[in-house]
Amino acid sequence: MDTSSAHQDREEAERLSTAVGGLADFLSRQPLTQALASLEHRLDGTDGMNVIRVAEDGQVVPELLASALTVRESLGRINDLIHACGILLVLPHILGDEERIIVRPSLGAGNDPSRPYDLETDQRIAEFKLARWRGADAMRKRQTFKDLVMLAADTSGRRAELFVIGPEPRRFLTTSTSTAAWALDRTPGALRTFTTVFGTPSMSAPSSPRQLPPTFRSPICGIFFPRPSQSSCSEMFSA
């Protein structure tokens with residue numbers, strides 16, 4: 001790396017550090033939801049002159065906007081970092097002594113056609129869904145069920161595992177009355193796979209594939225086994 005590039009990288013790091021500090025200072029005063037609600041209430045019925053006072057009282061200044069934009073630009077791929085960390089931290093706990101990774105893992109969120117699973121070893125295939133469900137999780141539900149279907153449809157005979165965070169994905173997969181058709185309506189390829197392997201997609205998600213008996217472990221790391229014949233996995237790690 002040449003001197004100019006190193007200097008530019010240092011400046012970028014300092015700019016990000018300043019921006020993160022500015023955001024942290026704003027968010028430390030009160031939760032963002034409360035701050036926005038307070039601003040909304042104060043703005044109701046306010047004229048142009050008083051808007052300035054409302055913004056100043058709420059510490060909403062141009063520097064805050066600049067900080068938020070900088071952080072979003074620099075940390076826009078934070079989901080990829082979470083995904084990569086989750087995979088790397090759990091691997092030492094699940095890989096057997098003779099087990100080897102045989103395909104370059106997909107550490108970033110999302111798979112490409114050449115790597116259909118986040119993890120492929122000579123003994124297992126696995127997907128990692130590491131978002132916390134907070135309500136209004138329709139897209140997360142669809143993605144989680146789609147990954148479960150694709151794992152269950154695999155014919156290689158390897159162990160198939162789905163890692164999730166929190167109890168909500170387990171609850172959805174075992175108790176939801178949503179149909180497979182609804183869960184897969186945004187992924188036609190997975191819907192075709194489901195129909196070919198498991199039959200009509202009008203059945204509810206918990207009854208398919210094959211009335212799954214998923215196992216869930218700690219609050220941080222859970223494993224659903226798509227194939228009922230597989231034995232339960234021991235606890236990985238907890239919060």
Side-chain angles (χ1 to χ4, degrees), residues 74-133 137-166 168-170 172-173 180-181 183-198 201 205 208-210 212 214-218 220-231 233-234 236-237:
S74 301
L75 303 182
R77 297 188 65 190
I78 193 68
N79 285 338
D80 287 347
L81 179 59
I82 293 170
H83 196 255
C85 288
I87 294 175
L88 286 169
L89 290 174
V90 81
L91 282 179
H93 297 273
I94 65 172
L95 293 181
D97 293 339
E98 302 299 324
E99 188 173 4
R100 295 291 179 270
I101 298 171
I102 59 174
V103 175
R104 181 168 60 95
S106 183
L107 295 183
N111 299 333
D112 63 54
S114 66
R115 294 178 291 168
Y117 307 110
D118 291 333
L119 174 68
E120 284 194 63
T121 76
D122 53 359
Q123 299 177 30
R124 84 181 71 219
I125 54 176
E127 284 289 324
F128 293 75
K129 309 305 289 186
L130 303 182
R132 292 189 184 276
W133 293 18
D137 295 302
M139 186 55 66
R140 292 190 179 102
K141 291 176 180 178
R142 287 185 167 100
Q143 288 295 323
T144 299
F145 185 71
K146 185 266 292 184
D147 283 352
L148 182 70
V149 167
M150 301 310 289
L151 287 166
D154 179 73
T155 59
S156 68
R158 292 173 291 180
R159 177 187 295 270
E161 297 172 343
L162 175 61
F163 290 75
V164 297
I165 287 182
E168 291 82 5
R170 176 186 185 278
F172 165 68
L173 291 173
L184 300 174
D185 68 352
R186 307 291 177 84
T187 50
L191 180 59
R192 287 192 296 271
T193 297
F194 183 96
T195 303
T196 300
V197 177
F198 304 110
S208 58
R210 305 187 187 98
L212 305 178
T215 57
F216 179 77
R217 287 299 170 251
S218 76
I220 293 297
C221 179
I223 306 175
F224 292 93
F225 290 97
R227 303 193 187 98
S229 61
Q230 295 177 181
S231 61
C233 180
S234 60
M236 297 300 169
F237 56 90

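All values below were derived from every heavy atom in this structure, side-chain atoms included, with hydrogens, water molecules and symmetry-related copies excluded.
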* Structure fact -> Interatomic distance, CG@Asp118 vs CG@Leu107, rounded to 0.5 Å, equals 8.5 Å

* Asked: What pairs with Gln123 under side-chain hydrogen bond (donor to acceptor under 3.5 Å, both in side chains), at least two apart in sequence or on another chain?
  -> none

* **Arg100 side chain to Asp122 backbone, donor-acceptor under 3.5 Å** => no

* Go through Ile165 and Trp133 one step at a time and tell me if the side chain to side chain contact (heavy atoms under 4.5 Å, CB included) criterion holds. => CA-CA 8 Å; Ile165 287 182; Trp133 293 18; over 6 Å; no

* Applying side-chain hydrogen bond (donor to acceptor under 3.5 Å, both in side chains), name anything that partners Gln143, two or more places apart in sequence or on another chain. => none

* Could you list the residues that satisfy side-chain contact (heavy atoms from CB on, under 4.5 Å) with Leu81, not counting sequence neighbours? => Ile78, Cys85

* Asked: So, Thr187 side chain and Ala190 main chain: donor-acceptor pair closer than 3.5 Å or not?
  -> no

* By side-chain contact (heavy atoms from CB on, under 4.5 Å), which residues pair with Arg142, not counting sequence neighbours? -> Ala138, Trp182, Asp185, Arg186

* To do: Mind running side chain to side chain contact (heavy atoms under 4.5 Å, CB included) on Asp137 and Glu168 for me, showing each step along the way?
  => CA-CA 10 Å; Asp137 295 302; Glu168 291 82 5; 5.8 Å; no

* Between Glu99 and Ile94, which heavy-atom pair has the shortest distance, and what is it? -> OE1-O, 3.7 Å

* **Nearest atoms (heavy-atom pairs only) where Ile102 meets Thr121** => CD1-O, 3.5 Å

* Yes or no on side chain to side chain contact (heavy atoms under 4.5 Å, CB included) for Asp147 and Phe163, after CA distance, side-chain angles and deciding distance? -> CA-CA 10 Å; Asp147 283 352; Phe163 290 75; over 6 Å; no

* Structure fact -> Taken in chain and number order and not counting sequence neighbours, the residues that satisfy side-chain hydrogen bond (donor to acceptor under 3.5 Å, both in side chains) with Lys141 are none

* **Interatomic spacing from CD1 in Ile87 to CD in Glu127 - rounded to 0.5 Å** => 8.5 Å

* To do: Apply the test side chain to side chain contact (heavy atoms under 4.5 Å, CB included) to residues Arg159 and Ile125: give CA-CA distance (whole Å), side-chain angles for both, the deciding distance (0.1 Å), then the verdict.
  => CA-CA 6 Å; Arg159 177 187 295 270; Ile125 54 176; over 6 Å; no

* **Nearest non-hydrogen partners of Gly86 and Phe128, listed with the distance** => O-CE2, 4.4 Å

* Minimum heavy-atom distance between Ala181 and Leu191, given as atom pair plus value -> CA-CD1, 4.4 Å

* How long is the span from the CG atom in Leu91 to the NE2 atom in His93, to the nearest 0.5 Å? -> 9.5 Å

* Which residues pass the side-chain hydrogen bond (donor to acceptor under 3.5 Å, both in side chains) test with Thr196, sequence neighbours left out? -> none

* **Minimum heavy-atom distance Leu151-Glu161, with the two atoms named** => CD1-O, 3.3 Å

* Asked: Do His83 side-chain atoms and Leu130 backbone N/O form a donor-acceptor pair below 3.5 Å?
  -> no

* Structure fact -> Between Ala153 and Phe198 the two heavy atoms that sit nearest each other are N-CZ, 4.0 Å

* Lys/Arg N to Asp/Glu carboxylate O, Glu120 vs Arg158, below 4.0 Å -> yes

